[in-house]
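What follows is a single structure, written as structure tokens, with notes after it.
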Amino acid sequence: MNPMSNGPAAAAAVVDKSTFEIGIIGMGDMGRLYARRMYAAGWTKINVCDLPDKTEALRREFPEYNVVDNGHLVSRRSDLVIYSVEAKFIADVVKAYGPSTKVGAIVGGQTSVKAPEIAAFEAYLPADVHIVTMHSMHGPNVSPRGQPLVLIPHRATPAAASTVEQVLACLESKLVRLSAAEHDRVTADTQAVTHLAFKSMGSAWKTRTSYPWEDVTYVGGVDNVKVAMTLRIYSNKWHVYAGLALLNPAARRQIAQYASSVEALFALMITENEAAFRARVEAAAQFVFGDPAVKDRPLLLADALLDQYTLAQHDTPTPTPTARPSTAPSMARNSHLSLLAMVDCWHALGINPYQNLICQTPPFRLWLGIVEYVFRTPAVLEAAVDAALHCKELRADDLAFVAAAAGWAQTILQGHFDSYQARFEDTQAFFADRLEDGRRVSAKIIETVAANMRAEEAAVAAGGAK
């Protein structure tokens with residue numbers, strides 16, 4: 001048997017935290033999150049580095065870590081090396097420092113796209129090094145507790161994979177073991193189009209010079225989640241999303257189809273081809289939500305939660321005393337073109353979004369939650385379809401969204417990092433004064449949903465134990 005083969009996890013000796021050395025190359029937001037969590041859990045031998053001009057600042061900020069001058073010094077002494085760098089730089093960084101990896105060490109990376117990361121590891125790491133890579137399916141400002149953590153034992157003994165599991169246990173995340181190819185397919189399904197939709201909404205609002213929390217069309221219910229999550233994405237750095245969109249080969253098909261679905265539905269709207277529009281929406285709804293197993297499951301987002309948090313009020317939000325009746329929702333008219341197009345896209349590509357909940361990110365669960373709410377609440381879906389076909393005062397907003405989705409898709413499909421950065425930061429600047437509010441409100445929504453998920457899982461476990 002190949003000692004570096006990818007086998008199932010096996011019991012390994014408990015790793016001695018006092019002697020085991022962890023190296024982190026790249027001390028950005030996620031690198032810092034990992035370092036802080038590991039150190040707090042008792043992994044006290046942590047070697048870190050970043051760009052040369054940041055070394056002294058890191059030494060002042062983190063005197064508890066061994067801050068060294070470069071990745072060679074991290075690699076030659078660390079038992080586990082984690083590359084925490086942008087996806088577009090991973091090949092260059094591994095090429096530079098990979099050959100210095102000590103014999104028998106374990107190497108992984110935190111990039112959101114594993115195809116280029118694995119290619120770099122295979123090309124530049126010594127053959128006597130284990131490859132166990134990972135991806136925390138959340139951003140640096142979300143608690144990792146209960147969030148999916150993908151572990152990919154690409155070239156490793158079971159004992160090496162178990163060692164990494166012991167180290168990452170401090171994150172308190174839910175471990176999911178996948179191959180690199182499976183990871184990229186699932187992240188394309190769950191993240192690429194989700195981010196595209198939120199980014200397109202932000203760009204459309206910017207084009208219309210409209211702050212959505214000041215517009216009655218976008219205050220309340222589903223739109224609270226749309227606005228908060230859009231601002232959350234734009235409150236992060238552009239490269240957090242660029243690598244996933246531009247370097248994941250599995251994402252291109254979804255991105256192209258979503259833009260196509262947006263355009264096709266809008267064409268039916270402006271020609272008022274009601275029969276074709278309804279038929280297309282109903283076919284997509286039946287494909288995604290028609291399974292009896294889906295119909296019988298509770299909604300991912302409770303009705304009251306949708307109204308609980310909004311940027312339209314600045315004080316701490318309080319729960320809605322009573323949920324809105326599902327049969328008679330009170331909300332401003334909205335075509336919800338972004339949501340209708342999402343289900344159309346899933347239908348066209350044959351994607352079952354519920355199968356991807358095992359690797360859900362907070363934005364994806366919320367995105368699927370609001371899509372599901374609209375499609376599984378008949379009165380809400382009918383109101384959206386009616387608005388799409390007959391509410392002409394919404395056409396300018398919908399047109400701006402169509403153009404934004406097409407523009408984002410073109411930028412991504414062309415693979416231009418500079419264009420991506422410019423487009424992202426242009427919209428980011430428009431919302432600059434409210435990004436922190438968006439981060440705060442979205443964090444409350446995410447934590448509420450996460451708490452509900454933990455309660456549901458505990459109830460299921462308790463029921464199974466009877």
Side-chain angles (χ1 to χ4, degrees), residues 193-194 197-198 201 212 216-230 261-262 265 268-269 274 277-310 312 317 319-347 351-354 356-357 360 362-391 394 397-398 401 445-446 448-449 452-453 456:
V193 179
T194 301
F198 285 127
M201 282 186 269
V216 67
T217 305
Y218 303 108
V219 174
V222 167
D223 290 293
N224 286 346
V225 178
K226 286 185 188 177
V227 172
M229 294 308 299
T230 296
S261 291
V262 170
L265 288 173
L268 295 175
M269 289 163 56
E274 182 167 353
F277 186 87
R278 287 185 177 275
R280 185 157 181 159
V281 170
E282 289 168 6
Q286 179 61 30
F287 173 79
V288 176
F289 303 108
D291 190 315
V294 174
K295 291 180 178 179
D296 292 341
R297 65 179 293 160
L299 292 173
L300 291 170
L301 291 182
D303 207 15
L305 176 65
L306 295 172
D307 275 335
Q308 186 172 341
Y309 300 110
T310 174
T320 305
T322 57
R324 270 187 287 109
S326 295
T327 56
S330 58
M331 59 177 68
R333 300 188 77 185
N334 191 320
S335 70
H336 292 304
L337 176 58
S338 62
L339 309 184
L340 301 183
M342 187 71 263
V343 179
D344 187 85
C345 175
W346 285 332
H347 179 213
I351 293 173
N352 178 353
Y354 292 98
N356 294 319
L357 284 174
Q360 62 184 293
F364 177 72
R365 182 179 177 89
L366 292 170
W367 181 243
L368 178 56
I370 59 177
V371 171
E372 178 192 65
Y373 175 78
V374 168
F375 274 82
R376 291 182 58 195
T377 310
V380 177
L381 179 59
E382 176 56 32
V385 170
D386 184 73
L389 291 167
H390 305 301
C391 194
L394 297 177
D397 284 353
D398 286 333
F401 179 76
I445 296 174
I446 290 169
T448 300
V449 170
N452 291 345
M453 288 172 58
E456 291 170 7

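The shown structure was predicted, so the numbers you read here are calculated from the model rather than taken from an experiment. Residue numbers start at 1 and run along the sequence shown.
- Residue F401 comes nearest to A197 through the heavy atom pair CE1-O, 3.9 Å, listed as atom of the first residue, atom of the second, then distance.
- Interatomic distance, OG of S261 versus NE2 of H347, reported as 10.0 Å (0.5 Å rounding).
- One finds the OG atom of S338 at 6.5 Å from the CD1 atom of I370 (value rounded to the nearest 0.5 Å).
- Here W346 contributes atom CH2 and N352 contributes atom CG; the two are 9.5 Å apart, rounded to the nearest 0.5 Å.
- Nearest heavy atom pair, residue S335 against residue L340, reads O-CD1, 3.5 Å.
- You'll find the side chain of W367 reaches within 4.5 Å of the side chain of M342, heavy atoms only.
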Verdict with supporting geometry, R333 and D386, side-chain contact (heavy atoms from CB on, under 4.5 Å): CA-CA 9 Å; R333 300 188 77 185; D386 184 73; 2.5 Å; yes
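- Atom CG in L265 sits 6.0 Å away from atom CG in L337 (nearest 0.5 Å).
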Using the rule given for side-chain contact (heavy atoms from CB on, under 4.5 Å), can you reason through L368 versus Y354, listing the C-alpha separation, both sets of side-chain angles and the distance that settles it, and then say yes or no? CA-CA 9 Å; L368 178 56; Y354 292 98; 4.2 Å; yes
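- Here R365 does not pair with E372 in a salt bridge; the nearest charged N to carboxylate O distance is not below 4.0 Å.
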Yes or no on side-chain contact (heavy atoms from CB on, under 4.5 Å) for V222 and N334, after CA distance, side-chain angles and deciding distance? CA-CA 10 Å; V222 167; N334 191 320; over 6 Å; no
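- For R376 (side chain) and F289 (main-chain N/O), no donor-acceptor pair under 3.5 Å exists by modelled atom type.
- Put simply, CG on L268 and CD on E274 are 11.5 Å apart, with the number rounded to the nearest 0.5 Å.
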Could you please spell out the steps behind the side-chain contact (heavy atoms from CB on, under 4.5 Å) verdict for F375 and V288? CA-CA 9 Å; F375 274 82; V288 176; over 6 Å; no
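- When all heavy atoms of A285 and V343 are compared, the closest pair comes out as N-CG1, 4.0 Å.
- Here the CG-CG distance, from L300 to L366, works out to 9.5 Å after rounding to the nearest 0.5 Å.
- Contact record, A384 with H336: CB-CD2, 4.0 Å, taken as the closest heavy-atom pair.
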